[in-house]
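The next block holds one structure in the form of structure tokens; read it before the comments.
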There are 2 protein chains.
Amino acid sequence: MPDAKGFAAEPRAPEPKALEAKGLESKGLAPAGSNLLFLREEEIRLAQDLLFFAYRDFTNAADLILAELGLGRAHHRALHYIGRNPGISVSELLAILRITKQSLARVLTALVEQGYVAQSPGHADRRQRLLALTQAGQALERRLFERQRERLAAAFREAGGAAVEGFRRVMRGIMDEAGRGYVERSEAAVREPRIRPS
Amino acid sequence: MPDAKGFAAEPRAPEPKALEAKGLESKGLAPAGSNLLFLREEEIRLAQDLLFFAYRDFTNAADLILAELGLGRAHHRALHYIGRNPGISVSELLAILRITKQSLARVLTALVEQGYVAQSPGHADRRQRLLALTQAGQALERRLFERQRERLAAAFREAGGAAVEGFRRVMRGIMDEAGRGYVERSEAAVREPRIRPS
DNA sequence: CCGAACAAGTCAACAAGACTGCCCTAACCC
DNA sequence: GGGTTAGGGCAGTCTTGTTGACTTGTTCGG
């Protein structure tokens, strides 16, 4: 097996892959001035790389624990959003995750069987099965959370508060309307931490 | 099918899911002062949401075109990194994508058969098959790129240059060493655009 | 109060994309 | 010449997504 360690190790310096700017001249280096604010192609392509690497390594962080328990990322996502929205209905969860009923059912069945998630009939509408984490579910979700927290906290610390605010603004802009609405409710809590509990 | 439009529509306002802060008091609201810089738990959880939604919607942007051609996201990733590193070897590409040989082989075989990627034996080491996009491959990659560009450019425009710089700093911090090294070479080009081509 | 609409669960079947383990060929290099 | 490396290939598995059709309760409007 190729050792897989070193794609970034070698600076790829002396012979940088022909370095061709052939074909697509459209990157264009801008009409002379207009440095900042101008969205050059390379800036966008870099962002593609950033999203790919950051998301991959971020999700990887919890995989060890999940693998031990025979669970997958889909289970983690469900745990996360149930934990964040205790008492959420199945269809609300489906709308957040944007997967089909069957995809969720498989995951949810496993989580309920293993005692991580509890279902209770809805108060107003008894057709609903409201979902919440059990004690075990909260404990597991916390273990998983801690792994990802380490990564994010380190990145936030290095980057500084202003950068984090910029990160949030850009990420909000990338996602579509629905997600933006969901996330805005959480963002309010972060921005104005004066709503302390009792 | 549940209409899937509205998970963000209802403000979930009047009865916010029992709102339990039970069990895990560790979110702790901080020792009185220390507002900025302090990494509160909610800040991290919000970032989890941002990563999930932004990455999902970002990748979705190109799916329509891919589906028409019977290709998947794995093909897109390969096209992207071959386009960005013309003449890359198979093992270098494997190290970037961090998938197994077989996973890449399936995707690569399809791309070569359909005329999007060309292979040529390595100059120094003839065991290598150096990869590059054909004309058709460049055209397809560009179509896919444009879709994602729209999203990212809009987000960057709304957020402003400073936010974009913060976004990059945070994303770089989230990914691990290997990816950081790879990305740094691209970042140099973005930050100092004075290396204009001839 | 009845029938349509809805929430949720279920079955069967399928596809993409990742994985493992093993083996092969050709080329490189000591 | 022999061990290592680059790449390819085969066989089988797993997770997570998909579709479509059907059932069982429950709600709600006419």
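Chain naming here is simple, since letters A, B, ... match the order of the sequence lines and numbering starts at 1 in each. Reckoned from all heavy atoms, side chains included, excluding hydrogens, waters and symmetry mates.
- Among the nucleotides D:dG9, C:dA8, D:dG7, the one closest to the side chain of A:Arg129 is C:dA8.
- Judged by distance alone, the side chain of B:Arg180 and the main-chain N or O of B:Met175 form a donor-acceptor pair under 3.5 Å.
- For B:Ser89 and D:dA6, the shortest distance from a side-chain N or O to OP1 or OP2 is not below 4.0 Å.
- Not a single donor-acceptor contact under 3.5 angstrom links the side-chain atoms of A:Arg127 to the base of D:dT27.
- Salt-bridge check for A:Glu141 with B:Arg45: passed, with a basic side-chain N closer than 4.0 Å to an acidic carboxylate O.
- Electrostatic pairing of B:Glu165 and B:Arg169 does not count as a salt bridge here, judged by no charged N lying under 4.0 Å from a carboxylate O.
- With hydrogens and angles ignored, a donor-acceptor pair under 3.5 angstrom links the side chain of B:Arg106 to the base of C:dG17.
- When each of C:dT20, C:dG9, D:dT18 is scored by its nearest atom to the side-chain atoms of A:Gln119, the top-ranked nucleotide is C:dG9.
- Here the side chain of A:Ser103 is nearest to one of D:dT27, D:dA6, D:dG17, namely D:dG17.
- Using modelled atom types, one finds a donor on one side chain and an acceptor on the other under 3.5 Å when comparing B:Asn85 with B:Tyr182.
- Which of D:dG9, D:dG8, C:dA27 sits closest to the side chain of B:Gln102 comes down to D:dG9.
- Looking at the side chain of A:Thr100, the nearest of the listed nucleotides D:dT16, D:dT18, C:dT10 is D:dT18.
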